[in-house]
Amino acid sequence: MVHPRLLVDNFSIVVPVLGRDKLVMVWNYRHAIQGWELELPAGHIENGESPEACARRELEEETGYSAGSWKRLGWFHPSPGISSQRAYAYLARNLKRGVLHREPYEFGMEVKTLGLRDAYRRLWRGEIIHSPTASALGIAQLGILRMKRAIVSRRS
């Protein structure tokens, strides 16, 4: 039996939390599906680049934000049936607005800011269908909930 295998670069994906309760995402056109998807910022790791450096670069390129706080959430195989590709997930906080540095092929991409509750509601209703985004949000959920509880506790 022959098992097809795709050789594709590893990538980093960022869960950028703005303030206490917002998530920065992008509305992105994907040629392979001839349609748009709501996604977290992500991109392929370049030669010699670390996954975290890639995450930092992609956040700024795609959203114009930089982050003062980074936490590695882990990694996952987005398509283990056909590829050994890894996706490295990062939580980015303490965001500061900057300037977009998009690649020419990212034409039309839009930054979208959603409330955390709205983003997770969309995920669990099946409205966020970009698999790396769904996986990264799942990995990040516990950390985001802990972060929100800590903020609420400080205010009490």
Side-chain angles (χ1 to χ4, degrees), residues 8-46 49-80 83 85-152:
V8 289
D9 294 332
N10 293 334
F11 67 96
S12 293
I13 186 162
V14 184
V15 181
V17 178
L18 179 62
R20 295 184 196 130
D21 62 350
K22 291 186 175 32
L23 196 59
V24 178
M25 300 184 77
V26 292
W27 184 240
N28 195 14
Y29 183 78
R30 294 295 183 175
H31 292 282
I33 63 167
Q34 302 278 308
W36 294 83
E37 288 193 327
L38 188 59
E39 305 175 2
L40 292 169
H44 291 278
I45 299 169
E46 296 177 0
E49 186 177 42
S50 71
E52 183 175 331
C54 174
R56 289 174 183 268
R57 177 178 51 78
E58 288 295 337
L59 177 64
E60 190 171 337
E61 278 181 12
E62 293 185 0
T63 70
Y65 283 97
S66 61
S69 171
W70 288 88
K71 180 180 180 187
R72 184 173 172 182
L73 298 170
W75 64 270
F76 56 92
H77 289 292
S79 300
S83 173
Q85 180 185 47
R86 287 185 179 197
Y88 295 90
Y90 289 86
L91 179 64
R93 296 184 297 189
N94 303 321
L95 301 184
K96 292 187 180 171
R97 190 79 164 124
V99 179
L100 292 169
H101 300 285
R102 291 198 179 127
E103 300 290 337
Y105 62 84
E106 294 173 326
F107 177 79
M109 182 185 285
E110 293 179 32
V111 176
K112 299 286 186 184
T113 304
L114 280 71
L116 283 170
R117 178 173 271 149
D118 181 34
Y120 277 98
R121 190 178 302 124
R122 289 179 189 213
L123 174 66
W124 301 128
R125 282 197 306 229
E127 295 171 15
I128 294 176
I129 55 173
H130 181 253
S131 65
T133 293
S135 296
L137 286 174
I139 292 169
Q141 187 173 12
L142 196 55
I144 289 172
L145 290 174
R146 283 190 195 123
M147 180 180 72
K148 285 190 70 158
R149 283 189 198 117
I151 290 167
V152 170

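Quick note: numbers below take in every heavy atom, side chains included, and nothing from hydrogens, waters or symmetry partners. Sequential numbering from 1 along the given sequence is applied to the chain's residues.
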Rounding to 0.5 Å, atoms CG (N28) and CD (E37) come to a distance of 8.0 Å

Lys NZ or Arg CZ of R97 over Y65 ring: under 6.0 Å, within 45°: yes

For L116 and R20, the nearest pair of non-hydrogen atoms, with its separation, is CD1-O, 3.8 Å

When rounded to the nearest 0.5 angstrom, what is the spacing between OG1 in T63 and CG in L40? 11.0 Å

Do the ring planes of W36 and W27 sit parallel (below 30°), tilted (30 to 60°) or perpendicular (above 60°)? parallel

Between the side chain of N10 and the main-chain N/O of R86, is any donor-acceptor distance below 3.5 Å? yes

Is a side-chain N or O of E62 found less than 3.5 angstrom from the main chain of A42, in a donor-acceptor match? yes

Does any N or O in the side chain of Y120 come within less than 3.5 Å of the main-chain N or O of L137, such that one atom is a donor and the other an acceptor? yes

Cationic N near anionic O, under 4.0 Å, R56 to E52: yes

So CD1 of I13 and CD1 of I139: to nearest 0.5 Å the spacing works out to 9.0 Å

Steps toward side chain to side chain contact (heavy atoms under 4.5 Å, CB included) verdict (L95, L59): CA-CA 10 Å; L95 301 184; L59 177 64; 4.1 Å; yes

Minimum heavy-atom separation for E58 and H44, please, with both atom names. OE2-N, 4.3 Å

Using atom types as modelled and distance alone, determine if a side-chain donor or acceptor of Q34 lies under 3.5 Å from a backbone N or O of H31. yes

Please assess M109 against L100 for the test side chain to side chain contact (heavy atoms under 4.5 Å, CB included), listing each intermediate value before the final yes or no. CA-CA 11 Å; M109 182 185 285; L100 292 169; over 6 Å; no

